Each structure stands twice: as structure tokens, then as C-alpha cells.
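To start, the structure itself, in C-alpha cells.
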Amino acid sequence: MYQSAWSIERTIKSVLNQRYADFEVIIVDDGSTDELHQRIEHLVASDRRIRMVRQHNQGLAAARNRGFREACAALVAPIDADDLWHPDFLGSCSQALEAEPAAPFAYAYSFRIDEDDYLLPFAPPSSPPRHDLAGLLRFNSVGNGSAAIFRKEAVVAAGGYDDTMRERGIHGAEDYKLILQLARVATPVLVDRPLVAYRRVMAGMSLGDPGRQLRACLAVLDELRAEDPEIPHSLFRDARTSLITWLLPYFVRRGEVRQTIPLVVRSYAAHPLWFLNGTVRRNHVAAVTGVVRAVLNRLRNKSVQRPHLSQVWFAGEQPFSFLLPSNAPQPQRLGAISRPGA
């Protein structure tokens, strides 16, 4: 965590609400100067499973690596200081790893929330995506750094998170690089449920600087290709197109039209047969549909009603009811998340 006083209490509560209770919580403070410690000192004092370590600000990769070094368990699950876990996250992912001994990590689907815990538009995949190395190159279904549980030994063998990326000005893709490195060794396991609330904030890595995020991800692809020339070049073409498709809406929202045009040319003109791959095609359609919908709503001056996460139903329950604002009405069936067809 870094300067996360505004969100950290909610994040820790979501961890302590896990049904699987045999875990320790290691809070890595990466040089915060806000009132963060005052916000969580009552939680640290009330639960023996929680301990805190502090270091000078070194960035995301170094903080993650510190957490792995401090961890006593064979399984380690990073969570950013503004994200949330469904109560079944640790239990479901650890069971998945137990059933697949060769898998280096297990992950679940993520859905998006805003700074105030309101649910953003989300449509779970109608069927599980391919999630071996080829599948993760074409579509990063892990999606963020809070969505996976790793085998500690696998991460250590891979060298951990690349803490040189910050120095090289391409930070922001350390999670992406690690999952691809691990997927080269063995296929991860997917828990086919939405169990991670990924918070989208304007100061976040993707929204805050999509240009740097794209450069970081492309650098990861270049390094992977240099390390493993046997990976088909077609996978890297698909990966570049998918990355640009993913970040294109963020450029549009920021009004960065001059950067958008060369991205479109690079994404499609340089890969004219992109539409032949079903995964890449679906990503493109989803991204374009989202941009068009957002533009139309803005032109119509139409606001979209979104449910508060505390009032959203998951498989017949409201697992985030602890987020209910003090002045909010009692929970009602305002929304539900489930996989289409489930």
C-alpha cells in the first residue's frame, strides 16, 4: 500500500471476511505519508493474523516482493490497497490449486467498482477463456494484480516481480510480466466465478497514464519474445492488438485523439487478419461497444444508475454488505452478478 488511507480499511475488511480463515495478513507500507496507520491501527490491534512491515518508497514490484519474502505460507495472494475480495476468493482459489498440483497460480474473474464502491458495467464471459500462455497472450483474463493466488516457490523460481521496470520507466506491467513468465512453465487454473472487485480510479495505472501502461506492456512482450523465440510470432501480433484494443477507450476518455490514431493504425493495419482470431475479435467488439455506449450516454446527457456493491447479489447472498453506507437504505435486490447461462 502507498498513500491508501482512503481505501485500505475496506480492503482489509474484505480479507478478514474470508470464509477460509487459515491465513496471515502482511501489510507492506511502501513509504506512505498520509494518515493510513491511524485508519487501520484498530484492525491490526484486534486480529493477531495481521502484521505490518514498512519500507522506503520503492514501487509496486519491490513492495510485492517484500510481501513474498515475509510470507510464511506456501501460497501467497497479493491484493492492492483499494481492491476487494469476495468471501470465497481464498477458499475457492486454494482448492483449485490443490486439485491442480502443477498449476503455478489460480485466479478468478474480476468485476469493476468505482472509488465509492458502486458497480461499473460488467459482463462475465459466457464460457471460460483459454488461459494457458497462448490464451493469456491473446486475452489477459487475469486482468489485475489482486485476482490470483500464487505458489510461493513458483514465484521465487521466476525471480519475483521485476523491480527494474520502475527504473526503466516502464512500470505498471509487473503483474502482467509475472503471469506470462509463470504460464510459460505450466498452465494456471481458472476459478470460473467473479470473486475480485477491481477498483477503477482516475489516478490508477491504466486510466492515469494509458500511454505509459501500453509502453510497459509492449516492453514485456518484446522481452518475452527475446527470451523465448519458439513462441509463435502470431501470438505476439494478437497480444499487441488486444492490448491496444483494451487501452483504446482510456485514450478516448482522456481526449488524447492524436495518440489514438497511430494506435489504431498499429493495431489493425499492421495486423490485418486480426479478426480471424475469435478471442481478439470478441475483445475488439466489447471495447468498441463500450466506447460507443459511453459516447452516446454523454451526448444524451444520460446518467447510468449503478448499484452500490453492498446491495449486489452473488449467488443468493450479499457478501459485501459490510460496505453499506451508514446513510443508505437497507439492502434490496438492486443487482446480481453471475455468469451468463449459469
Side-chain angles (χ1 to χ4, degrees), residues 1-2 11-12 14-16 18-30 44 47-55 58-81 83-110 131-133 136 140-166 171 173-191 195-196 198 220 223-224 227:
M1 62 184 187
Y2 176 70
T11 297
I12 294 177
S14 81
V15 175
L16 297 180
Q18 294 297 299
R19 294 188 174 103
Y20 180 94
D22 186 16
F23 60 83
E24 62 173 344
V25 180
I26 302 168
I27 302 173
V28 181
D29 179 9
D30 192 38
V44 175
D47 198 312
R48 296 175 59 186
R49 294 174 296 179
I50 304 176
R51 61 187 174 97
M52 182 182 295
V53 296
R54 304 178 184 180
Q55 63 184 32
Q58 299 174 47
L60 180 147
R64 292 242 207 279
N65 288 336
R66 177 70 182 275
F68 272 81
R69 288 195 302 270
E70 295 281 344
C72 299
L75 303 180
V76 183
I79 181 170
D80 288 340
D83 295 336
L84 305 170
W85 282 340
H86 183 286
D88 288 340
F89 175 76
L90 286 181
S92 295
C93 289
S94 60
Q95 288 176 5
L97 284 175
E98 185 177 351
E100 297 288 344
F105 66 91
Y107 70 101
Y109 295 139
S110 299
H131 50 277
D132 58 357
L133 177 61
L136 291 174
N140 178 15
S141 52
V142 180
N144 62 84
S146 303
I149 292 182
F150 297 90
R151 297 192 193 277
K152 182 177 179 179
E153 62 179 2
V155 173
V156 172
Y161 295 86
D162 186 351
D163 56 10
T164 71
M165 295 181 73
R166 187 188 193 194
H171 57 288
E174 291 91 340
D175 296 305
Y176 183 52
K177 182 173 183 178
L178 180 63
I179 65 167
L180 292 179
Q181 287 177 319
L182 294 176
R184 286 173 59 193
V185 179
T187 299
V189 58
L190 167 64
V191 175
L195 299 177
V196 180
Y198 173 66
V220 168
E223 291 176 9
L224 179 61
E227 292 173 4

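Computed from a predicted structure; not experimentally measured.
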Measure the spacing between [atom1] of [X] and [atom2] of [Y] and express it to the nearest 0.5 Å.
{"X": "Ile50", "Y": "Glu24", "atom1": "CD1", "atom2": "CD", "value": "11.5 Å"}
{"X": "Phe150", "Y": "Ile179", "atom1": "CZ", "atom2": "CD1", "value": "7.5 Å"}
{"X": "Arg166", "Y": "Thr164", "atom1": "CZ", "atom2": "OG1", "value": "12.5 Å"}
{"X": "Leu180", "Y": "Asn140", "atom1": "CG", "atom2": "CG", "value": "7.0 Å"}
{"X": "Ile79", "Y": "Leu84", "atom1": "CD1", "atom2": "CG", "value": "6.5 Å"}
{"X": "Asp29", "Y": "Arg54", "atom1": "CG", "atom2": "CZ", "value": "6.5 Å"}

For [X] and [Y], which heavy atoms make the closest approach, and how far apart are they?
{"X": "Ala77", "Y": "Ile149", "value": "CB-CG1, 3.6 Å"}
{"X": "Pro104", "Y": "Ala154", "value": "CB-CB, 4.0 Å"}
{"X": "Pro87", "Y": "Gln18", "value": "O-OE1, 3.2 Å"}
{"X": "Ala158", "Y": "Gln181", "value": "O-OE1, 4.1 Å"}
{"X": "Ala183", "Y": "Leu133", "value": "O-CB, 3.9 Å"}

Compile the donor-acceptor pairs under 3.5 Å between side chains in residues 96-103 and protein atoms, sequence neighbours left out, one pair per line.
none

Residues which pass side chain to side chain contact (heavy atoms under 4.5 Å, CB included) with [X], listed by chain and number, not counting sequence neighbours:
{"X": "Val76", "result": "Phe68, Ala71, Lys152"}
{"X": "Thr187", "result": "His131, Asp132"}
{"X": "Ser94", "result": "Tyr20, Leu75"}
{"X": "Ala81", "result": "Met1, Ser4, Ile8"}

Taking the side chain as every heavy atom from C-beta outward, state whether [X] and [Y] have any atom pair closer than 4.5 Å.
{"X": "Phe23", "Y": "Val15", "result": "yes"}
{"X": "Ser92", "Y": "Leu195", "result": "yes"}
{"X": "Asp47", "Y": "Val25", "result": "no"}
{"X": "Leu136", "Y": "Tyr176", "result": "no"}
{"X": "Met165", "Y": "Leu60", "result": "no"}

*asked:* By the side chain to side chain donor-acceptor pair (under 3.5 Å) test, which pairs, at least two apart or in different chains, include something from residues 58-68?
replied: Gln55-Arg66, Arg64-Asp80, Arg64-Asp175, Arg66-Glu70

_Apply side chain to side chain contact (heavy atoms under 4.5 Å, CB included) to residues Ile27 and Ile12 and explain how you reach the verdict._
CA-CA 9 Å; Ile27 302 173; Ile12 294 177; 3.6 Å; yes

*Can you say whether the rings of Phe89 and Trp85 are parallel (under 30°), tilted (30 to 60°) or perpendicular (over 60°)?*
parallel

_Check: Gly59 main-chain N/O paired with Asp30 side-chain donor or acceptor under 3.5 Å_ = yes

*Residue pair Val191, Tyr107: steps toward the side chain to side chain contact (heavy atoms under 4.5 Å, CB included) verdict*: CA-CA 6 Å; Val191 175; Tyr107 70 101; over 6 Å; no

